[in-house]
Amino acid sequence: MNNTKYIFVAGGVISSLGKGIIAASIGKLLQARGYDVTIQKFDPYINIDPGTLNPYEHGECYVTVDGHEADLDLGHYERFLNNPTTRANNITTGRIYQSVINKERKGDYLGKTVQVVPHITDEIKRNIKTLGTKNKFDFVITEIGGTVGDIESLPFIESVRQLRWELGKNCLCVHLTYVPYIAAAKEVKTKPTQHSVKQLQELGIQPDVLVLRTERELSEDVLRKVALFCNVEESAVVQSLDVPSIYEVPIMMQQQKLDETILRKMNLPIGDTPELKAWKEFLFRMKDAKESVKIGLVGKYVELPDAYKSINESLFQAATYNDRKLDLVFIHSEKLNDENVQEQLSGLDGILIAPGFGQRGTEGKIAAIKYARENDIPTFGICFGMQSMVIEYARNVLGLTEANSTEINSKTPYNVIDLMENQKGISNLGGTMRLGAYDCEVEKDSIMYKAYHKKNIQERHRHRFEYNNKFKTSLEEAGLKCVGRNPETDLVEAVEIPANKWFVGVQFHPEYNSTVINPHPLFISFVKAAVENKESKK
């Protein structure tokens, strides 16, 4: 196409309706029609990025290939589109204001008074349009975080209003709202949607498409009513009904011809309906699976599943491709110890030791690793999970009972995990970790190599502490092999116990590279080992 098309997805009534899933579904459907699509997220909080946010505040912090800490919705974008995202795909209010203030300090505004309009809105528009023009995408889908009416979101909404006039038919607005069911009245209510659209209209934007989030199927009469009162074509009002899996949403949107409506409104040829063959094959395997595999996820944020969103989805994808239903059990590491570990873990087919900085819950993870290692349960440690594996092995196999990470105990005599050299002296916490994709060389005859089927891989990282190579020889002689390393720094990237069925720890985050179409090989291998472990007990 000659001109990039811009689609904006905003939400109303309440948050957490699934704007990210709708944006990703639209992107998937347009991509299936041969268009080059990307999705970006605008977050209205003043943090520069979510890197310093507690998971309880914001869920998982996702990491892009170029080392940007981003909103977890970017994980959905990648899992749906099967394309990597970058720093340009996630913009916060903090970054916008930081950029404008930096320009003001340099004198770029030639002495003018710097204001929300036009300076902040111009900076927002610049970020939106640059992503499309610089990379020559056919479609840029922009998800606006929060809900319409939030004070924080107003500059973004104003920027969209301006772009609607500037871009004309190359711009389209999708509004996602909630249609509640009132049990006492035994009917759905459309007034919240009407008020949400009215508020959007008051801000100068008439939505082109309405997506109605609902727990109950809406009748044609309800859809017509919403169309009438919201000034939207009947064909452009679709419903997003609760479904068992988020991966069914693109199919549901396709059945309601959402992609056709968008193309028609943007004066583009509709053509044949894509088959989405690989996607539907995944859904078929998901629904056809009869037996389950029981995986225990040991972490300190288990009461908030979004803290491990990418891991959860990677396990689900791997279970599906192993023709199993995923029975995922969340185990709070802070409540785990040597006395109750057998009761908590004995019925599991596999155990995943989750990432997570800080001291809280560390000893519980180590107790889980010790039990899993001694009882030969397939075990997968990620980032701090791998570091915990090294600490456990040093304590209970090498006999270095005071072994620890200097993150947990700065005075440990056996610092098997230590602060990376280039992290020493850093005072600002935001964006200063070892972030993004780095090379790793995998040892042959390892579980890692059998999973990847190649020696040279590249994975994403998010950490400050590393395996201390001073203990490498003694740990390897005792049976904990280093099977992955960075070729430039010699940083140990992966460890294994060859004597066990499947015992692998990785410093990187493989969950960031797992998608519906290309599930991550390590997760596939881990779940396969868990299935085999289950079968061996029969």
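Computation of the quantities below employed the complete heavy-atom set of this structure, encompassing side-chain atoms and omitting hydrogens, waters and symmetry-equivalent molecules. The structure presented is a predicted model; accordingly, all values stated were derived computationally and were not measured. One-based numbering along the sequence shown.
Other residues, nucleotides and ligands place no more than 12 heavy atoms under 6.0 Å from the CD atom of Glu488. Within 6.0 Å of NZ on Lys280 lie more than 12 heavy atoms contributed by other residues, nucleotides or ligands. Other residues, nucleotides and ligands place more than 12 heavy atoms under 6.0 Å from the CD1 atom of Ile517. In the displayed structure, Lys103 atom NZ is contacted under 6.0 Å by more than 12 heavy atoms of other residues, nucleotides or ligands. Within a 6.0 Å sphere centred on CD of Gln359, heavy atoms belonging to other residues, nucleotides or ligands number 12 at most. Dense packing is recorded around CG of Asn456, with more than 12 heavy atoms of other residues, nucleotides or ligands lying under 6.0 Å away.
Donor-acceptor pairing under 3.5 Å is lacking for the side chains of Gln507 and Tyr438. For Asn513 and Glu459, the side-chain atoms include at least one donor-acceptor pair closer than 3.5 Å. Side-chain atoms of Lys528 and Asn322 form no donor-acceptor pair, as typed in the model, at a separation below 3.5 Å. There is a side-chain donor-acceptor pair under 3.5 Å between Asn486 and Thr489. With hydrogens and angles left out, the side-chain atoms of Asp43 and Asn90 include a donor and acceptor closer than 3.5 Å.
A 4.5 Å side-chain heavy-atom check between Tyr414 and Ile391 finds every atom pair outside the cut-off. Put simply, the side chain of Lys534 does not reach to within 4.5 Å of the side chain of Pro378, judged on heavy atoms. Taking 4.5 Å as the limit, every side-chain heavy atom of Lys481 sits out of range of all side-chain heavy atoms of Val495. With a 4.5 Å cut-off on side-chain heavy atoms, Ser314 and Tyr512 do not count as touching. Taking 4.5 Å as the limit, some side-chain heavy atom of Leu74 sits within range of a side-chain heavy atom of Lys41. Looking at Ile457 and Met448, their side chains come closer than 4.5 Å, going by heavy atoms from C-beta outward. Residues Ile382 and Pro510 form a side-chain contact, since some pair of their non-hydrogen atoms from C-beta on lies under 4.5 Å apart. For the pair Val293 and Val527, the minimum side-chain heavy-atom distance is below 4.5 Å.
One finds the NZ atom of Lys129 at 8.5 Å from the OG1 atom of Thr133 (value rounded to the nearest 0.5 Å). One finds the CG atom of Leu176 at 13.0 Å from the CD1 atom of Ile144 (value rounded to the nearest 0.5 Å). A distance of 4.5 Å separates CG of Asp376 from CG of Asn500, quoted to the nearest 0.5 Å. To the nearest 0.5 Å, atoms CG (Asp138) and CG (Asn3) are separated by 10.5 Å. If you take CD on Glu143 and CD1 on Ile26, they are separated by 10.5 Å, rounding to the nearest 0.5 Å. The CG atom of Leu29 sits 12.5 Å away from atom OH of Tyr35, with the distance rounded to the nearest 0.5 Å.
A centroid separation of 6.0 Å or more is found between the aromatic rings of His520 and Phe526. Between Phe282 and Tyr247, the distance separating the two ring centers is shorter than 6.0 angstrom. Here the two rings, on Phe80 and Trp279, have centers that are under 6.0 Å apart. Aromatic pair Tyr321/Phe523: ring centres not closer than 6.0 Å.
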Would you check, one step at a time, whether the test side chain to side chain contact (heavy atoms under 4.5 Å, CB included) holds for Thr379 with Val504? CA-CA 6 Å; Thr379 306; Val504 177; over 6 Å; no

What do the steps show when you test Ile331 against Leu297 for side chain to side chain contact (heavy atoms under 4.5 Å, CB included), and what is the final call? CA-CA 6 Å; Ile331 301 160; Leu297 189 153; over 6 Å; no

Could you go through the side chain to side chain donor-acceptor pair (under 3.5 Å) check for Tyr77 and Gln40 one step at a time? CA-CA 8 Å; Tyr77 306 161; Gln40 65 181 174; over 6 Å; no

Test log, rule side chain to side chain contact (heavy atoms under 4.5 Å, CB included), inputs Phe137 and Val37: CA-CA 6 Å; Phe137 287 111; Val37 181; 6.0 Å; no

Applying salt bridge (Lys or Arg N to Asp or Glu O under 4.0 Å), run through Lys309 and Glu313 and close with a yes or a no. CA-CA 6 Å; Lys309 190 63 179 176; Glu313 296 303 322; 3.5 Å; yes

When you look at Arg95 and Glu69, which way does the salt bridge (Lys or Arg N to Asp or Glu O under 4.0 Å) test go after all the steps? CA-CA 12 Å; Arg95 272 182 64 191; Glu69 293 168 298; over 6 Å; no

Side chain to side chain donor-acceptor pair (under 3.5 Å) for Glu78 and Thr85? Distances and angles first, verdict last. CA-CA 7 Å; Glu78 291 200 18; Thr85 54; 2.6 Å; yes

Check the pair Glu123 / Arg126 against salt bridge (Lys or Arg N to Asp or Glu O under 4.0 Å), numbers first and verdict last. CA-CA 5 Å; Glu123 184 67 16; Arg126 186 186 67 80; 2.6 Å; yes

Walk me through it: do Glu441 and Arg485 pass the test salt bridge (Lys or Arg N to Asp or Glu O under 4.0 Å)? CA-CA 5 Å; Glu441 288 185 355; Arg485 68 176 192 89; 3.4 Å; yes

Please test Ser525 against Trp502 for side chain to side chain donor-acceptor pair (under 3.5 Å), starting from the C-alpha separation and ending with a verdict. CA-CA 9 Å; Ser525 177; Trp502 206 101; 2.8 Å; yes

Take Val298 and Leu336 through the side chain to side chain contact (heavy atoms under 4.5 Å, CB included) test and state the conclusion after the steps. CA-CA 9 Å; Val298 180; Leu336 202 59; 4.1 Å; yes

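Partner of Ser310 under the side chain to side chain donor-acceptor pair (under 3.5 Å) criterion, chosen from Arg79, His76, Glu511: Arg79. Just one residue in the list Tyr45, Phe8, Phe42 forms a ring-ring contact (aromatic ring centres under 6.0 Å, His included) with Phe156, and that residue is Phe42. With respect to Thr406, the side chain to side chain donor-acceptor pair (under 3.5 Å) criterion is satisfied by exactly one of Asp418, Asn415, Asn468: Asp418.
Side-chain atoms of His463 come within 3.5 Å of backbone atoms of Phe465 as a donor-acceptor pair (strictly under, hydrogens ignored). Panel note: side chain Glu476, backbone Cys482; a donor-acceptor pair is recorded below 3.5 Å.
Between Lys287 and Glu248 a salt bridge is recorded (basic side-chain N to carboxylate O distance below 4.0 Å).
Under the rule for a ring-ring contact (aromatic ring centres under 6.0 Å, His included), Phe503 has no partner lying at least two apart in sequence or in another chain. By the ring-ring contact (aromatic ring centres under 6.0 Å, His included) test, Phe384 is found to be paired with no residue, residues two or more places apart in sequence or in another chain being considered.
Contacts classified as salt bridge (charged side-chain N to carboxylate O under 4.0 Å, His left out) and involving residues 491-509 (residues at least two apart or in different chains) are given here: Arg434-Glu493.
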